[in-house]
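I have placed the structure first, in the form of structure tokens, so that the comments after it can refer back to it.
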Amino acid sequence: MAYAQANDTAHHDDHHDQPATGIKRWLFATNHKDIGTMYLVFSLIMFFIGGAMAMVIRAELFQPGLQLVDPVLFNQLTTNHALVMIFGAVMPAFVGLANWMIPMQIGAPDMALPRMNNFSFWILPFAFTLLLSTFLVPGGAAAGGWTLYPPLSLQTGDSFPMLIFAIHMMGISSIMGAINVIVTIMNMRAPGMNLLRMPLFTWSWLITAYLLIAVMPVLAGAVTMLLTDHFFGTSFFNAAGGGDPIMFEHIFWFFGHPEVYIMVLPAFGIISEILPTFSRKPLFGATSMIYAIASIAFLSFIVWGHHMFVDGMPLAAQLFYMMSTMLIAVPTGVKVFNWTATMWRGSLSFEPPMLFALAFLFLFSIGGFSGLMLAIVPADFQYNQTYFVVAHFHYVLVPGAIFGIMAGVYYWLPKWTGHMYNMTLAKAHFWLSAIFVNVLFFPQHFLGLAGMPRRIPDYAVQFTDWNMVSSIGGFFFGASQILFAIVVVQCARGGKKATSIVWEGTHPTGLEWTLPSPAPYHSFSTAPEIP
Ligand code: CU1
């Protein structure tokens with residue numbers, strides 16, 4: 001509560017005029033909480049749009065043969081499902097959480113650059129309107145999937161510049177968001193809030209923001225070179241003109257691998273705050289947790305070649321990428337050990353944030369292990385371009401990134417809205433999600449090992465059974481997410497009042513949401529006024 005009071009005081013000092021109401025409040029928002037809300041609402045909408053595409057994909061793959069969509073539309077769906085989920089759902093959700101929580105966690109009155117904050121949000125609706133309108137162009141953004149490998153991606157046709165410009169806008173938005181996070185954390189911490197006292201969510205975002213600034217321009221460069229190859233006669237990736245299509249893969253994955261970590265490091269931060277709260281114990285090894293996240297971030301820059309083992313690569317390079325990739329298991333192991341040790345002999349309770357955090361811990365680990373399998377060069381020769389890869393990264397991104405976001409939302413929603421949400425509905429959402437995410441994605445391991453290729457609208461009959469299971473899991477998983485929307489909307493509209501010790505449960509001492517670990521010696525309610 002002390003954090004919130006400090007914020008409110010500073011906030012009112014800043015604004016002498018009347019606060020805007022109605023549409024102006026949102027259009028001209030410079031307040032980190034309103035912008036955070038807009039990011040989160042936008043992300044939820046994109047989650048359902050990307051999810052609807054996934055439902056169509058799973059419906060087409062329910063049985064062999066072409067029934068619902070033609071192959072061109074199917075390819076459009078796989079490409080756009082990925083772009084919408086990555087840049088529209090997961091990343092904006094984390095930026096929304098950053099906007100809400102970072103100023104409060106470090107005792108800052110707002111984000112450092114509030115107008116840029118507004119700009120970085122409002123780019124997104126335009127970017128995604130442009131991206132989704134490629135569906136209206138004949139052929140659409142069909143060729144190549146979200147990785148846009150040339151020469152296939154250069155067959156995209158008239159929607160190609162729309163696709164490229166949409167990606168540029170997403171990148172600009174991300175870079176501005178990242179700059180804001182770094183400047184806020186570096187310059188606006190309350191007295192006494194030195195770096196190693198910062199809560200883990202803020203720490204994970206600080207590291208993520210550096211990753212974003214390092215790799216988003218690389219993506220921008222890659223897609224710009226595609227654009228000039230397509231329209232201006234350059235031959236960056238065209239062998240006939242002296243270029244090299246494999247170079248695109250190097251540039252893309254130098255962005256792409258850190259991008260995966262951008263989507264999961266903030267979730268590590270969220271989990272590192274939820275597990276201590278619901279274990280009634282401080283986080284085990286908080287400092288080693290920060291170093292582990294930083295190590296993972298560093299390693300993410302030197303492993304990109306593991307996406308390209310089948311391209312033909314010198315043996316020494318194969319060994320380097322294999323071993324550097326496996327090295328990531330070391331800091332990841334530190335984190336899993338610390339999370340487990342945090343819960344060890346703790347006084348555990350199982351409210352929705354804790355349930356999602358635990359599911360994250362178990363299921364993200366499955367994604368980690370299948371990642372280790374893919375890192376082994378000779379094994380990857382078998383798995384490459386199969387559904388095993390699809391199973392792997394969906395375990396990392398759905399029960400990883402998305403469950404992390406949901407854990408965070410269930411954890412902080414009472415703090416944001418002032419209301420407690422419907423526990424029964426939230427728990428039902430958890431159990432349905434946790435069960436059906438496995439029904440959806442686990443069989444895809446079997447399909448991949450049996451040789452089913454990815455990104456295809458049809459398949460050989462021997463793959464039918466597990467595809468049916470996967471699709472049924474997908475339909476139930478998708479439907480369960482409606483519960484999430486209901487819980488969130490109900491909670492925003494009203495309900496039982498939340499208190500500062502909302503998570504006390506049966507424990508009389510209780511714990512606040514943003515309790516850093518270790519607790520700071522400063523009490524912010526007596527801290528000097530922020531100028
Ligand atoms: Cu990777």
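In each ligand, atom 1 is the first atom listed, and ligand 1 is the first ligand listed.
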For the residue pair Tyr410 and Phe484, is the inter-centroid distance of their aromatic rings smaller than 6.0 Å? yes
According to the interplanar angle, ranging from 0 to 90°, do the rings of Phe356 and His429 count as parallel (below 30°), tilted (30 to 60°) or perpendicular (above 60°)? tilted
In residues 311-330, what donor-acceptor pairs under 3.5 Å come from side-chain atoms, sequence neighbours left out?
from   : atom 1 : to     : atom 2 : distance (Å)
Ser324 : OG     : Ile302 : O      : 3.3
Ser324 : OG     : Phe320 : O      : 2.9
Ser324 : OG     : Tyr321 : O      : 3.3
Thr325 : OG1    : His306 : ND1    : 2.8
Thr325 : OG1    : Tyr321 : O      : 2.5

Take the Cu ion (ligand 1) and tell me which protein N, O or S atoms are nearer than 2.8 Å. His257 ND1, His306 NE2, His307 NE2
Can you list, pair by pair, the side-chain donor-acceptor contacts under 3.5 Å of residues 218-232, counting residues two or more places apart and other chains?
from   : atom 1 : to     : atom 2 : distance (Å)
Thr224 : OG1    : His168 : NE2    : 2.8
Thr224 : OG1    : Ala220 : O      : 2.5
Thr228 : OG1    : Met225 : O      : 3.1
Thr228 : OG1    : Thr234 : OG1    : 2.9
Asp229 : OD1    : Thr234 : OG1    : 2.6
Asp229 : OD1    : Ser235 : N      : 3.3
Asp229 : OD1    : Phe236 : N      : 2.8
Asp229 : OD2    : Phe236 : N      : 3.3
Asp229 : OD2    : Phe237 : N      : 2.8

Restricting to non-hydrogen atoms, name the atom on Met55 and the atom on Gly474 that form the minimum distance, rounded to 0.1 Å. CE-O, 3.2 Å
List the atom pairs, with distances to 0.1 Å, where a side-chain N or O of residues 208-217 and a protein N or O form a donor-acceptor pair under 3.5 Å, not counting sequence neighbours.
from   : atom 1 : to     : atom 2 : distance (Å)
Thr208 : OG1    : Ser204 : O      : 2.6

